[in-house]
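See below for the structure under consideration.
It should be emphasised that the depicted structure is a prediction, and the values quoted were computed from it without experimental measurement. For the single chain, residues carry numbers from 1 onward in sequence order.
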Amino acid sequence: MAYQDYYFLHRDGKGSYLLQHQESGLVAGCPFMGMPGESAYAFSRDYGSVWYPGQALNWADFPELADVPFFTIGSCDSLDNYFHRPECQPVWPLLATFAKQLAYSPSLKIPLPVPPQQQWQYQVPNPHGSWTIPILDLWVDDQGCWLCLRDGRIVVLNHQGALIQQYQLPKDSHCLALLDETPYVACQDGNLYELTGKLPQAVYDLRPLNQTYYQYLILALEAGQHHLAVADACGYLEVINTELRRQWQHHEPDHWQSWFLGSDEQTLYQGHYRGVTAYDLSTGKRQWFQALETPVLCGLVTTDSLIIACGNRTLYRLGKVPDLKTQEVSVTPFYTSTDIPYCLALAEDRTSFWLGTHNSRLERLDFTGTVKDDIQLGVGGITAIQAWREALYATTGQGIVVSLQIRD
């Protein structure tokens, strides 16, 4: 039987609808409706592929569409049309995951001054044109800054912002990590690549077991002391040991859009569309699940809690130990950002953390939610941040990496 796509339908706040893919949770576009009595063949000649009401799983919840015979999927309007209109706020959490995948940031109306903390700035060149290529992930070590680009390039800069190495992967990648000082990157061709030689080497097949259909959209890659954890857009979670052998793998069909993985010595934490799930790191046994109001966009692990940022712009503090009766952990909202949170990172002093937003803002907060620093970069949405030796490195959706000197 041929594979079919299925969707959830949402009102978009502007008198129309949005389609969310049932397998990945991504916003697929806006449905363009056929007219009652219209020929599906004629419609498809004019507008392309045809989908039917049965492929929208909650179609019956919209009685005004009862007579619509079929639809096609058009592109979404500019996200600016949603994030700048108050009536669209109910769908912001839905669109936030979509915006993060696109490395979306609103257009800045006026140029902003260079922050006094800035040491240097590097713009990734595009050999194919004048458009910018988003930087989607970052890792900093003694060698320099490792940058993961949407077009499959991995760029390495030294700590003065000069190019020292470059790799090209076969397809796009969203994330990289270092395990035992070895850099790895997950690629959408289904492989894990090692970046120690002159050319990237495919060292592990990330394709799920016994799956004939699969989208290789890897969104999170986390390196612990003895493991690599990999999560994707379709609910797959896998842990690999230092010998690059699979320890365990899970698939939760409704754990779409897993943007956050973090661990301590015994537990792996996964943030996804439904909330946060904790697993025993060695066995994969689920320890607890905590539902949250909106999708998780980023997070970090501290000694005694988790800091989780969601699509409703709220930051939550989650306990690590569940209640014996309810099997739920404590959840405390403690800060609401004015912008969509894209990334979090612990500060070097471990008593505060950095928040990067889609509106090019960097904020340093303590664990009570008090803002200690507020830096407006004006160079695109902040896609990744890392503190390293009194410096803060930030990458953006405009293909820029910035080094800031940070001292308390």
Side-chain angles (χ1 to χ4, degrees), residues 83 86 89-90 92-93 95-97 99-100 105-106 115 117 138 220 259-264 267 269-278 288 290-323 328-378 381-388 390-396 402 404 406-408:
F83 292 130
Q89 288 192 21
W92 279 10
L95 290 165
T97 57
K100 183 172 181 179
S105 57
Q117 302 95 327
L138 161 76
W259 289 108
F260 165 62
L261 288 175
S263 65
D264 50 30
T267 306
Y269 306 96
Q270 178 192 19
H272 46 77
Y273 195 86
R274 303 297 185 189
V276 178
T277 306
W288 52 263
Q290 180 59 55
L292 293 173
E293 295 178 6
T294 59
V296 173
L297 294 182
C298 52
L300 56 87
V301 180
T302 70
T303 303
D304 56 1
S305 64
L306 308 177
I307 303 300
I308 301 296
C310 292
N312 61 355
R313 299 174 292 123
T314 300
L315 272 62
Y316 299 89
R317 184 183 302 104
L318 273 62
K320 291 184 176 182
V321 180
D323 182 91
E328 293 185 338
V329 297
S330 61
V331 179
T332 306
F334 68 96
Y335 182 72
T336 299
S337 174
T338 56
D339 304 317
I340 298 171
Y342 274 179
C343 49
L344 295 170
L346 280 174
E348 279 288 285
D349 61 10
R350 299 280 169 168
T351 64
S352 59
F353 63 93
W354 288 93
L355 166 68
T357 77
H358 86 299
N359 205 21
S360 205
R361 174 176 280 111
L362 286 167
E363 295 177 301
R364 185 168 67 94
L365 301 99
D366 65 19
F367 294 106
T368 68
T370 302
V371 177
K372 301 294 186 180
D373 283 298
D374 188 345
I375 304 170
Q376 184 71 54
L377 291 183
I382 310 298
T383 54
I385 45 180
Q386 185 178 338
W388 191 84
E390 294 189 335
L392 183 71
Y393 297 85
T395 61
T396 80
V402 176
L404 304 168
I406 303 297
R407 289 190 176 93
D408 290 328

Less than 4.5 Å apart, any side-chain heavy atom of [X] and any of [Y]?
{"X": "V301", "Y": "S263", "value": "no"}
{"X": "P295", "Y": "Y273", "value": "yes"}
{"X": "L315", "Y": "F334", "value": "yes"}
{"X": "E363", "Y": "D374", "value": "yes"}
{"X": "R361", "Y": "S337", "value": "no"}
{"X": "V276", "Y": "W288", "value": "yes"}

Under 3.5 Å donor-acceptor, [X] side chain and [Y] backbone:
{"X": "Q290", "Y": "V329", "result": "yes"}
{"X": "K320", "Y": "T302", "result": "yes"}
{"X": "Q376", "Y": "N359", "result": "yes"}

Residues that F353 engages under ring pair (Phe, Tyr, Trp, His ring centres under 6.0 Å), provided they are two or more places apart: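 By the ring pair (Phe, Tyr, Trp, His ring centres under 6.0 Å) rule, F353 matches F367.
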Stepwise side-chain contact (heavy atoms from CB on, under 4.5 Å) test for W354 and D373: CA-CA 9 Å; W354 288 93; D373 283 298; 4.0 Å; yes
From CA spacing to verdict: side-chain contact (heavy atoms from CB on, under 4.5 Å), Y342, W259: CA-CA 9 Å; Y342 274 179; W259 289 108; over 6 Å; no
Approximate separation, where rounding is to 0.5 Å, of [X] [atom1] and [Y] [atom2]:
{"X": "T396", "Y": "L138", "atom1": "OG1", "atom2": "CG", "answer": "11.5 Å"}
{"X": "S352", "Y": "I406", "atom1": "OG", "atom2": "CD1", "answer": "10.0 Å"}
{"X": "F83", "Y": "S105", "atom1": "CZ", "atom2": "OG", "answer": "11.0 Å"}
{"X": "T314", "Y": "L292", "atom1": "OG1", "atom2": "CG", "answer": "10.0 Å"}
{"X": "Q386", "Y": "L346", "atom1": "CD", "atom2": "CG", "answer": "10.5 Å"}
{"X": "R313", "Y": "Q89", "atom1": "CZ", "atom2": "CD", "answer": "6.0 Å"}

H272 vs V296, side-chain contact (heavy atoms from CB on, under 4.5 Å): CA-CA, chis, key distance, verdict: CA-CA 5 Å; H272 46 77; V296 173; over 6 Å; no
Taking all atoms of both residues into account, what is the closest heavy-atom pair of [X] and [Y], and its distance?
{"X": "D264", "Y": "T267", "result": "OD1-N, 2.9 Å"}
{"X": "A347", "Y": "R364", "result": "CB-CD, 4.5 Å"}
{"X": "I382", "Y": "C343", "result": "O-SG, 3.5 Å"}
{"X": "L355", "Y": "Y335", "result": "CD2-CE2, 4.1 Å"}
{"X": "L365", "Y": "G369", "result": "CD2-O, 3.7 Å"}
{"X": "G378", "Y": "S360", "result": "N-OG, 2.8 Å"}

Greater than 12 external heavy atoms within 6.0 Å of E293's CD: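 Counting other residues, nucleotides and ligands, CD of E293 stays at 12 neighbours or fewer.
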With sequence neighbours excluded, residues passing side-chain contact (heavy atoms from CB on, under 4.5 Å) with A96: L297, I340
Exercise: do T351 and D349 side chains pair donor with acceptor under 3.5 Å: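 Side chains of T351 and D349: pair found under 3.5 Å.
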